[in-house]
Undergrad: 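Structure incoming, see below.
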Amino acid sequence: MKKRIFGLLVLACIAVGRALAEPMLSGQKMIKEPVDWVDMFMGVRGNSNCVIGPQRPHGSVNPAPQTPQGGQGGYKEHQPIRGFAQLHVSGIGWTRYGQVLLSPQTGFNADEEGHDSDKDEELATPYYYRVNLQRYGIGVEITPTHHGALYRLRYPKTSNEGKYLLLDMRHSLAEHIVPEVHGRFLGGDIHVDEASGMLKGWGDYAGGFGSGEPYRVCFAMKVEGCCRTTTYKNQGKLYAKIRMDDGTEDVLVRLAISMKSEENALNYLKEELAGRSFDDVKDECRQQWNEMLRRIRIDGDEDCQLFYTALYHSLLMPRDRTGDNPRWDSNLPHIDDHYCVWDTWRTCYPLLTLIDQEFVEKTINSFIDRFHHDGKCTPTFTASLEFDMKQGGDDVDNIIADAMMKGVGGFDRNEAYQLLLWNAWHARDSLYQRYGWIPGEHVMMSCSYTMEYAYNDDCTARVAEQMGDEENARKLYARSHQWQQLFNADLESEGFKGFVAPRKVDGEFITIDPAYNYASWVDYFYEGNSWTYTLFAPHEFPQLVELCGGKETMVHRLQYGFDHRLVSLWNEPGFLSPFVFFYCDRPDLAAHYVNKLREENYSINRGYPDNEDSGAMGSWYVFTSIGLFPNAGQDIYYLLPPAFDHITMTLTGGYELKIKVVKDSEQANRIGEVLLNGDRLDRWYVRHNEIAHGGELVFHLKE
């Protein structure tokens with residue numbers, strides 16, 4: 001207990017120190033708002049690959065520093081800074097982007113490794129980043145708009161070597177910081193308008209996670225205080241050498257990015273940045289984050305930092321690039337950088353359905369638009385390009401189904417349903433369509449594909465039923481049961497029998513070790529083991545319990561699996577696993593293991609269980625904190641003891657859902673009863689339509 005109190009005091013001191021170091025708050029009262037609780041170093045430390053730089057909610061750009069061995073997130077806090085790039089992806093295990101690198105310097109060196117600088121006075125918030133480059137004595141401040149960034153550079157008063165800014169268009173994360181992801185610069189150009197001082201340009205790139213097709217990054221930039229700009233384009237290099245007036249100390253750099261055209265970038269610069277002060281842009285961004293984070297208000301100080309940081313990470317990706325699609329013009333939204341739907345359908349999109357339904361509507365309209373133009377809509381895409389390799393099933397379906405089952409509007413339901421049907425009868429693996437399961441000797445990840453396709457089918461069947469399409473509902477429900485063909489009742493592990501296992505076309509099971517964890521895109525299972533994937537039957541948990549020997553046996557199996565780390569939370573297929581306890585009449589054990597997983601896997605200093613995965617891990621933590629957890633694709637939320645005594649959620653439409661905890665003692669941690677708007681619930685879940693228009697949930701906890 002003393003260690004915990006000491007740790008909380010240390011964290012509080014660090015947080016207060018960072019807040020006091022923020023000069024722009026000097027005229028404001030030191031009252032903590034939600035954005036002040038966010039710790040930008042969570043997930044940057046450890047292996048969660050979050051990005052240290054600020055951005056707008058679902059913003060198109062994410063300006064941030066990069067360091068020489070910055071890993072997939074681009075930055076490690078104890079390394080020198082190489083420069084500041086404008087495009088990053090947060091929390092993923094295989095990176096992309098990292099272009100339009102700026103390096104403020106005294107003297108000038110354009111070599112990739114020639115301008116690294118040690119740093120101090122670093123401060124990072126969701127809306128503002130600041131650092132001092134010790135090598136040059138230059139202070140750098142950054143604040144973002146939706147499509148751009150405003151930099152304030154503070155050069156030393158005098159410099160015998162001159163004051164410069166390098167704009168490097170060849171540089172990318174995927175080529176220079178994490179070369180193992182095979183990034184390549186394919187060429188580009190920089191133009192300088194001598195009359196206005198405006199720089200415009202573009203670069204073509206390939207490599208990193210996602211499609212192997214080339215993509216373009218365009219920019220427009222205005223530097224206030226420069227006296228001469230020279231561009232260099234030779235031997236594969238492309239950069240601008242920008243010299244400042246000798247007497248200049250403070251320099252504003254206005255920079256906008258487009259994935260489509262220089263014209264778009266120039267328009268973004270004019271619309272979002274021209275004529276605006278640094279502090280105005282920064283204050284606007286701070287207000288925007290507070291408005292978003294304030295949609296879930298919690299009482300008490302303990303764990304607020306972890307909660308609001310997790311909520312922040314839930315609101316970064318994918319990116320809203322409406323109007324900036326390089327591949328076609330459309331009046332529909334364009335939501336890009338899905339890294340990837342296999343992660344975000346499970347928790348992130350259900351959370352957005354509650355607190356930002358407009359973004360869910362935009363996403364589905366974007367899916368429909370993509371389907372119309374590409375003839376498909378794959379679960380992973382970025383830089384507006386399709387990536388046909390599936391980590392799981394056709395999980396775009398689950399986002400659409402989740403929204404339709406919960407009554408989300410704002411899109412053409414029939415067009416969305418046609419996308420689901422096309423996926424069901426064309427996008428599923430041909431062997432799955434033939435047998436209802438995938439033979440293990442023919443297709444990699446045969447077991448995990450089968451499990452996830454089965455749930456895709458169930459989700460689409462529910463929508464078919466809702467749309468009055470009884471024939472497709474019947475066929476898809478029937479196929480959604482066929483995962484049971486891979487359940488080997490005789491396969492044993494750690495004294496427990498019955499696991500999903502690969503099976504040949506002739507029906508013979510292939511012998512495996514259910515505890516063995518498979519890697520990415522290999523045989524049988526994707527990034528997991530049979531202990532975890534056997535529990536992934538969100539539509540048929542009661543049947544799963546019976547297959548595994550009944551409720552009592554399943555309880556022992558789950559306890560053993562969690563206690564011996566055979567079932568883990570390090571990857572998304574395990575997200576629902578603790579909730580199988582509900583189907584064994586042990587909601588108390590579901591709460592116990594959820595709490596255990598939270599305490600062991602989430603930490604400000606260590607980050608998330610593994611990659612944060614574009615909001616998937618953060619939103620898992622948010623849901624388990626507020627006492628609700630979705631079975632995405634369906635309209636139910638499991639009930640858990642909330643982590644806070646008072647929670648107020650502002651739902652879509654402005655409705656308020658109040659969640660309260662009443663304890664019969666300080667040690668109370670089990671649900672005695674739950675009241676919904678004063679009425680006692682006789683079940684361990686609520687339906688979406690019971691809370692979508694607000695109300696009150698009261699959890700009475702007992703020892």
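Hydrogens, waters and symmetry mates are skipped; everything else that's a heavy atom, side chains included, is used.
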Undergrad: Nearest 0.5 angstrom please: Thr363 OG1 to His334 NE2, how far?
TA: 11.5 Å

Undergrad: Considering all heavy atoms of both residues, which atom of Leu566 and which atom of Thr532 are nearest to each other, and what is their separation?
TA: O-OG1, 3.6 Å

Undergrad: Kindly indicate, with the supporting measurements, whether the criterion ring pair (Phe, Tyr, Trp, His ring centres under 6.0 Å) is fulfilled by Tyr637 and Tyr685.
TA: CA-CA 5 Å; Tyr637 302 88; Tyr685 63 88; over 10 Å; no

Undergrad: Looking at Gln72 and Thr95, would you say the former's side chain and the latter's main chain have a donor-acceptor pair under 3.5 Å?
TA: yes

Undergrad: Using a 3.5 Å distance criterion without hydrogens, assess whether the side chain of Glu33 forms a donor-acceptor pair with backbone atoms of Val35.
TA: no

Undergrad: Can you give me the closest heavy-atom contact between Asn365 and Pro333, atom names plus distance?
TA: CB-CD, 3.6 Å

Undergrad: Leu701 versus Arg670: any side-chain heavy-atom pair under 4.5 Å?
TA: no

Undergrad: Is the side chain of Asp337 donor-acceptor paired with the backbone N or O of Val89 at a distance under 3.5 Å, no angle test?
TA: no

Undergrad: Which atom names give the shortest non-hydrogen contact between Ser90 and Met317, and what distance separates them?
TA: N-SD, 3.1 Å

Undergrad: Looking only at the aromatic ring of each residue, does the gap between the centers of His338 and Phe367 stay below 6.0 angstrom?
TA: yes

Undergrad: Does CD belonging to Glu358 count more than 12 external heavy atoms closer than 6.0 Å?
TA: no

Undergrad: Name all residues meeting the salt bridge (charged side-chain N to carboxylate O under 4.0 Å, His left out) criterion together with Glu527; count only those two or more places apart in sequence or in a different chain, and write none if there are none.
TA: none

Undergrad: Could you tell me whether the side chains of Ser384 and Tyr215 share a donor-acceptor contact shorter than 3.5 Å?
TA: no

Undergrad: Can the positive tip of Arg557 be found less than 6.0 Å from the middle of the six-membered ring of Trp531, inside 45° of the ring normal?
TA: yes

Undergrad: OH/Tyr621 to CZ/Arg598 distance, rounded to the nearest 0.5 angstrom?
TA: 4.0 Å

Undergrad: Do Tyr602 and Tyr608 have ring centroids that are under 6.0 Å from one another?
TA: yes

Undergrad: List the atom of Ile647, the atom of Ser625, and the distance in Å for their closest heavy-atom pair.
TA: CD1-O, 3.9 Å

Undergrad: Would you check if the side chain of Asn49 reaches a backbone N or O of Gly91 as a donor-acceptor pair within less than 3.5 Å?
TA: no

Undergrad: Within the distance-only criterion (no hydrogens, no angle test), does the side chain of Asn631 pair as donor or acceptor with the backbone N or O of Gln634 below 3.5 angstrom?
TA: no

Undergrad: With no hydrogens and no angle check, do the side chains of Thr650 and Arg295 hold a donor and an acceptor under 3.5 Å apart?
TA: no

Undergrad: Roughly how far, to the nearest 0.5 Å, is the OG atom of Ser60 from the CG atom of Asp336?
TA: 8.0 Å

Undergrad: Just by modelled atom types, is the Asp320 backbone N or O under 3.5 Å from a matching donor or acceptor in the His146 side chain?
TA: yes

Undergrad: Is it the case that Lys390 places NZ or CZ above or below the six-membered ring of Trp342, under 6.0 angstrom from the centre and within 45 degrees of the axis?
TA: no

Undergrad: If you round to the nearest 0.5 Å, how far is CZ of Arg297 from CG of Asp299?
TA: 9.5 Å

Undergrad: Once rounded to the nearest 0.5 Å, what's the spacing between atom OG of Ser448 and atom CD of Gln391?
TA: 10.5 Å

Undergrad: State, with a plain yes or no, whether a side-chain heavy atom of Val522 is found less than 4.5 Å away from one of Met444.
TA: no

Undergrad: Is Glu494 salt-bridged to Arg565, going by a charged N under 4.0 Å from an acidic O?
TA: no

Undergrad: Just by distance, with hydrogens left out, do Asp563 and Tyr593 show a side-chain donor and acceptor under 3.5 Å apart?
TA: yes

Undergrad: Answer yes or no: is there an ion pair linking Arg687 with Asp635, defined by an N-O contact shorter than 4.0 Å?
TA: yes

Undergrad: Establish, yes or no, whether the cationic atom of Arg346 lies under 6.0 Å from the six-membered ring centre of Phe536 and within 45° of the ring axis.
TA: yes

Undergrad: Just how far is it from atom CZ of Phe644 to atom CD1 of Ile626, taken to the nearest 0.5 Å?
TA: 10.5 Å

Undergrad: Are the aromatic rings of Tyr526 and Tyr449 close, with centres under 6.0 Å apart?
TA: no

Undergrad: Quick one: does any side-chain atom of Ser48 pair with a main-chain N or O of Gly607 as donor and acceptor, under 3.5 Å?
TA: no

Undergrad: Could you tell me whether the side chain of Ser211 reaches within less than 4.5 Å of the side chain of Phe381, counting heavy atoms only?
TA: no

Undergrad: Going by distance alone, is a donor N or O of one side chain under 3.5 Å from an acceptor N or O of the other, for Gln99 and Ser172?
TA: no

Undergrad: Answer yes if the ring centres of Tyr516 and Tyr518 are under 6.0 angstrom apart, and no otherwise.
TA: yes

Undergrad: For Glu122, is there an ion pair with Arg130 - N to carboxylate O distance below 4.0 angstrom?
TA: no

Undergrad: Can you list everything that forms a salt bridge (charged side-chain N to carboxylate O under 4.0 Å, His left out) with Asp397? Sequence neighbours excluded, please.
TA: Arg428

Undergrad: Would you say the ring centers of Tyr455 and His539 fall short of 6.0 Å from each other?
TA: yes

Undergrad: Look only at the side chain of Glu612 and the backbone of Gly615, and say whether a donor-acceptor pair between them is shorter than 3.5 Å.
TA: yes

Undergrad: Are Thr125 and Pro54 packed together at the side-chain level, in the sense that at least one heavy-atom pair is separated by less than 4.5 angstrom?
TA: no

Undergrad: Do the side-chain N and O atoms of Asp457 and Thr460 include a donor-acceptor pair separated by under 3.5 angstrom?
TA: no

Undergrad: State plainly whether the residues Glu291 and Arg286 are in salt-bridge range, i.e. N to O under 4.0 Å.
TA: no

Undergrad: With side chains defined as the heavy atoms from C-beta onward, is the minimum distance between Pro63 and Val61 less than 4.5 Å?
TA: yes

Undergrad: Mind checking whether Phe582 and Tyr638 have ring centres under 6.0 Å apart?
TA: yes

Undergrad: Hey, would you say the Trp37 and Phe307 ring centroids sit under 6.0 Å apart?
TA: no

Undergrad: Are Thr382 and Arg319 close enough that a side-chain donor and a side-chain acceptor fall under 3.5 Å?
TA: no

Undergrad: For a quick test of reading the model, state the closest non-hydrogen atom pair linking Ala616 to Thr347 and the distance between them.
TA: O-OG1, 2.9 Å

Undergrad: What I'd like to find out is whether the side chain of Leu535 reaches to under 4.5 Å of the side chain of Val567, using heavy atoms alone.
TA: yes

Undergrad: Hey, are Asn398 and Asn456 close enough side-chain-wise for a donor-acceptor pair under 3.5 Å?
TA: yes

Undergrad: Could you tell me whether a side-chain N or O of Ser530 sits under 3.5 Å from a main-chain N or O of Pro514, the two making a donor and an acceptor?
TA: no

Undergrad: Would you kindly say whether Thr67 and Gln79 are connected by a side-chain donor-acceptor distance under 3.5 Å?
TA: yes

Undergrad: Do other residues, nucleotides or ligands put more than 12 heavy atoms under 6.0 Å from Lys76 NZ?
TA: yes

Undergrad: Quick check on the 6.0 Å ring-centre criterion: do Tyr583 and Trp684 meet it?
TA: yes

Undergrad: Sequence neighbours excluded, which residues qualify as side-chain hydrogen bond (donor to acceptor under 3.5 Å, both in side chains) partners of Arg96?
TA: none

Undergrad: If only atom types and distance count, is the side chain of Asn571 paired as donor or acceptor with the main-chain N or O of Pro573 below 3.5 Å?
TA: no

Undergrad: For residues Leu316 and Ser614, determine if any side-chain heavy atom of one lies less than 4.5 Å from a side-chain heavy atom of the other.
TA: no

Undergrad: So, His592 versus Phe581, ring centres under 6.0 angstrom or not?
TA: no

Undergrad: Which heavy atom in Ile296 sits nearest to a heavy atom in Tyr308, and how many Å separate them?
TA: O-OH, 2.8 Å

